[in-house]
2 protein chains.
Amino acid sequence: MPKAKKFDELEVLKKAEEVFNKKGYNGTSMDDLVQATGLSRSSIYDTFGDKHGLFLKALGNYQDSQNSAMEGLLAKTDSYKKKIRTIFDYMINDIVTDKSRKGCMMVNANMELNYVDKEVAQMALTTMENMEQQFYTWIKEGQATGEISKKFPAKGLARNLYNNIMGLRVTGRNRPDYDTLREITKISLSLLDQ
Amino acid sequence: MPKAKKFDELEVLKKAEEVFNKKGYNGTSMDDLVQATGLSRSSIYDTFGDKHGLFLKALGNYQDSQNSAMEGLLAKTDSYKKKIRTIFDYMINDIVTDKSRKGCMMVNANMELNYVDKEVAQMALTTMENMEQQFYTWIKEGQATGEISKKFPAKGLARNLYNNIMGLRVTGRNRPDYDTLREITKISLSLLDQ
DNA sequence: GTAACTTTGGAACGATAATTCCAATTATAC
DNA sequence: GTATAATTGGAATTATCGTTCCAAAGTTAC
């Protein structure tokens, strides 16, 4: 009877995520990954196939973690406006508590590899579309109930919000200052007010 | 009497810029640079020192080009609001006319190298501060003349605008669609309206 | 204690990397 | 035509790269 794998794959992915996020895909060597994960190269190749396979798995896992973390927070309120604000608060908090200010792996990977890696480009596009769709749903409902301003169409507002989040992910690496990011967000979210 | 260098350094930097921007710093080999620039590796090393020196020079030249291009357009109007809109229009146009959708070299370099390259991180920070300062100056003057809304402080609005531009540089790589980017921008700039 | 499997700690392999070196060619000034 | 310098087209050097291989060690089930 074959023995189960001993190491925690999710834990390995988290470690890989961290080093890929700091140094970039091309800037990270297999030696770096061996050191960061604590596995031997044979185990890495056996489990993930190759460097690129590990990278894509780590990136998918990163996005799943982000989504799960936000979903946990979102369950706490029915207000669409508050849900939107919760997402922005989560992003800001993620930025300022990130001591090594390595930023968002999806954004970083997308900027580094968008041109040369179709799979990464597709994941980034899908992530954007999913999040815009979520914002769209909330804004549409919020506009229907009167909670959110109807000054602009829901789709435009949704895309604008996502655009703002992408901005935070970039400017937050230059200057991960809580008050600054909060003010930027306050101004952006004022567009939802009646 | 020493002979002058024969090749056009600015032209070489432009070619280097393009390949670095598509493949990233670490994803670009010296062979790639030889092919892209048309120079031999001896000429590259003699002129730029090393790969990293060429990269920093290309990045600086890229930012100078962006600044020059915008300055040319800005001279055409005295209206602060129009100046701001001109910058956004320039960014959108830059994004949609970029056939290879390689994006902004400063953003790409910053996302790839911010953690490992202090010089790149510093250049990105300086670029952000300079542009925020420029927006701040215009917004402050515009608020004084009544052209721009005083609902939010000038500094906050300036940072919010820069944040939006960073967002465009990321989302514009996923989806370089003119109408979408214009709508996002229209909503963002509505914050300046009375 | 044994069988079966996972994992290790490298070494080996083939390739690519950045940088230096060098003889030859080309270009320019006089 | 000559002197001087720039540039070329690689080769050489040294190192690192991603991936495969392998004997040995460790772990688990029976």
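Chain letters run A, B, ... following the sequence lines, proteins first and then strands; every chain starts at 1.
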Aromatic ring proximity A/Y162/A/F135, centre distance under 6.0 Å: no
Nucleotide of C/dT19, D/dT19, D/dT7 approaching B/R41 most closely (side-chain heavy atoms): C/dT19
Identified side-chain contact (heavy atoms from CB on, under 4.5 Å) partner of B/V12 from the options B/I44, B/T37, B/N61, B/T47: B/T37
Sugar-phosphate, base or nothing in reach of B/G38, heavy atoms under 4.0 Å: sugar-phosphate
For atom CZ of B/F55 and atom P of C/dA18, their distance in whole Å: 13 Å
Most 5' of B/G49 and A/S40 on DNA chain C, judged by nearest nucleotide: A/S40
Touch class at under 4.0 angstrom, heavy-atom based, for B/D31 against every strand present: nothing
Nucleotide D/dG18, atom C1' - distance to CZ of A/F48 in whole Å: 16 Å
Atom-pair distance (NZ on A/K51; C1' on D/dC17), nearest Å: 8 Å
Heavy-atom donor-acceptor pair, B/S42 side-chain to D/dG9 base, under 3.5 Å: yes
Aromatic plane relationship, A/Y25 with A/H52 - under 30° parallel, 30 to 60° tilted, over 60° perpendicular: perpendicular
Between D/dT20 (P) and A/Y45 (OH): distance, integer Å: 7 Å
Atom pair distance, as rounded to whole Å: CG in A/D46 and P in C/dT7: 7 Å
Whole-Å gap separating P (C/dG10) and CD (A/Q35): 12 Å
Donor-acceptor pair between A/T171 and A/N174 side chains, under 3.5 angstrom: no
Separation of atom CG in B/N26 from atom C1' in C/dA18, rounded to whole Å: 12 Å
Between C/dA17 (P) and B/Y25 (OH): distance, integer Å: 13 Å
